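The structure appears right after this line, and notes come after that.
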Amino acid sequence: MHRESRKWTQERLAEAIGSTASYIGQLERGEKNVKIHTIEKVANAFGISISQMFENEQESFLYSNKWIWNSLTILLRQNEFNQRKAYRILSELFAEDESSKKEL
């Protein structure tokens, strides 16, 4: 995500962290597990913190929409049974909403 948004090739990133493009490709495809030291090197190459490496647009959206964040917080406090029940309720609620839109 960070590499592509900066329009860096695998080769450029590999050079910046002292690695190979094939290793970067293996990491991106999930063929190899990344080491903490490598994450640190990549963050430094991009000029960001390690925590920023794990941020994404969806998280930013969640944090900026308080009602969504609060809803998730409530759900996360529940046991798995209640989480599944809430999911089924929401699915039914919005499935009806979608079918009524089609009728219009």
Side-chain angles (χ1 to χ4, degrees):
M1 179 175 114
H2 291 286
R3 178 183 67 76
E4 292 173 344
S5 68
R6 287 172 172 73
K7 299 189 183 338
W8 282 31
T9 63
Q10 290 178 345
E11 291 79 11
R12 181 173 178 190
L13 177 58
E15 185 178 312
I17 67 167
S19 186
T20 65
S22 64
Y23 178 68
I24 300 299
Q26 290 172 329
L27 291 177
E28 290 181 355
R29 291 187 300 275
E31 295 170 0
K32 294 235 182 222
N33 292 325
V34 67
K35 297 178 182 173
I36 297 294
H37 184 68
T38 303
I39 293 172
E40 184 177 36
K41 285 181 176 182
V42 171
N44 288 335
F46 291 148
I48 61 175
S49 69
I50 291 175
S51 64
Q52 288 173 302
M53 289 284 298
F54 298 99
E55 290 178 358
N56 64 41
E57 291 176 23
Q58 290 176 339
E59 285 179 12
S60 297
F61 177 78
L62 294 177
Y63 294 133
S64 65
N65 291 282
K66 190 173 183 168
W67 63 271
I68 293 176
W69 184 251
N70 289 341
S71 299
L72 285 173
T73 302
I74 291 167
L75 281 171
L76 290 170
R77 290 182 187 144
Q78 305 303 310
N79 62 33
E80 185 178 351
F81 177 80
N82 285 339
Q83 289 174 355
R84 289 179 183 273
K85 184 167 57 171
Y87 175 77
R88 286 191 302 273
I89 291 168
L90 288 171
S91 294
E92 285 295 316
L93 175 67
F94 293 115
E96 289 176 20
D97 226 14
E98 290 299 316
S99 64
S100 65
K101 284 181 188 176
K102 290 177 185 173
E103 291 174 8
L104 297 174

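Note that this is a predicted model, so its numbers are computed, not measured.
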About how many Å separate [atom2] of [Y] and [atom1] of [X], when rounded to the nearest 0.5 Å?
X: Leu27; Y: Gln10; atom1: CG; atom2: CD; answer: 9.5 Å
X: Thr20; Y: Ile24; atom1: OG1; atom2: CD1; answer: 7.0 Å
X: Ile39; Y: Ile17; atom1: CD1; atom2: CD1; answer: 10.5 Å
X: Ile89; Y: Leu93; atom1: CD1; atom2: CG; answer: 9.5 Å

*What residues form a side chain to side chain donor-acceptor pair (under 3.5 Å) with Ser71, not counting sequence neighbours?*
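Testing Ser71 for side chain to side chain donor-acceptor pair (under 3.5 Å), a comparison that skips the adjacent residues, returns none.
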*Which atom names give the shortest non-hydrogen contact between Met53 and Val42, and what distance separates them?*
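Of all heavy-atom pairs spanning Met53 and Val42, the closest is CE-CG1, 3.4 Å.
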*asked:* Tell me the closest heavy-atom pair linking Ala16 and Ala45, and the distance in Å.
replied: CB-CB, 3.9 Å
*Looking at residues at least two apart in the chain, or sitting in another chain, which of them share a salt bridge (Lys or Arg N to Asp or Glu O under 4.0 Å) with Arg84?*
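Glu80.
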*Taking only residues two or more places apart in sequence, or in another chain, which ones meet Thr73 in a side chain to side chain contact (heavy atoms under 4.5 Å, CB included)?*
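Applying side chain to side chain contact (heavy atoms under 4.5 Å, CB included) to Thr73 gives Trp69, Arg77.
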*Residues that Tyr23 engages under ring-ring contact (aromatic ring centres under 6.0 Å, His included), provided they are two or more places apart*: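 Scan of Tyr23 (ring-ring contact (aromatic ring centres under 6.0 Å, His included), adjacent residues dropped) gives none.
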*Can you say whether the rings of Trp8 and Phe46 are parallel (under 30°), tilted (30 to 60°) or perpendicular (over 60°)?*
perpendicular
*Pair listing, salt bridge (Lys or Arg N to Asp or Glu O under 4.0 Å) test, anchored in residues 10-19, at least two apart*: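 Qualifying pairs: none.
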_Tell me which pairs pass side chain to side chain donor-acceptor pair (under 3.5 Å) where either residue lies in residues 31-40, with sequence neighbours left out._
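Only Arg29-Glu31 qualify under side chain to side chain donor-acceptor pair (under 3.5 Å).
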*Does Leu75 belong to the same Ile/Leu/Val/Met/Phe/Trp/Tyr cluster as Ile68, with side-chain heavy atoms less than 4.5 Å apart forming each link?*
no
*Count the heavy atoms of every other residue, nucleotide or ligand shown that sit under 6.0 Å from CD1 of Ile36, and state whether that count exceeds 12.*
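Atom CD1 in Ile36 is not packed in, count stays at 12 or less.
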*Using atom types as modelled and distance alone, determine if a side-chain donor or acceptor of Gln78 lies under 3.5 Å from a backbone N or O of Gln83.*
no
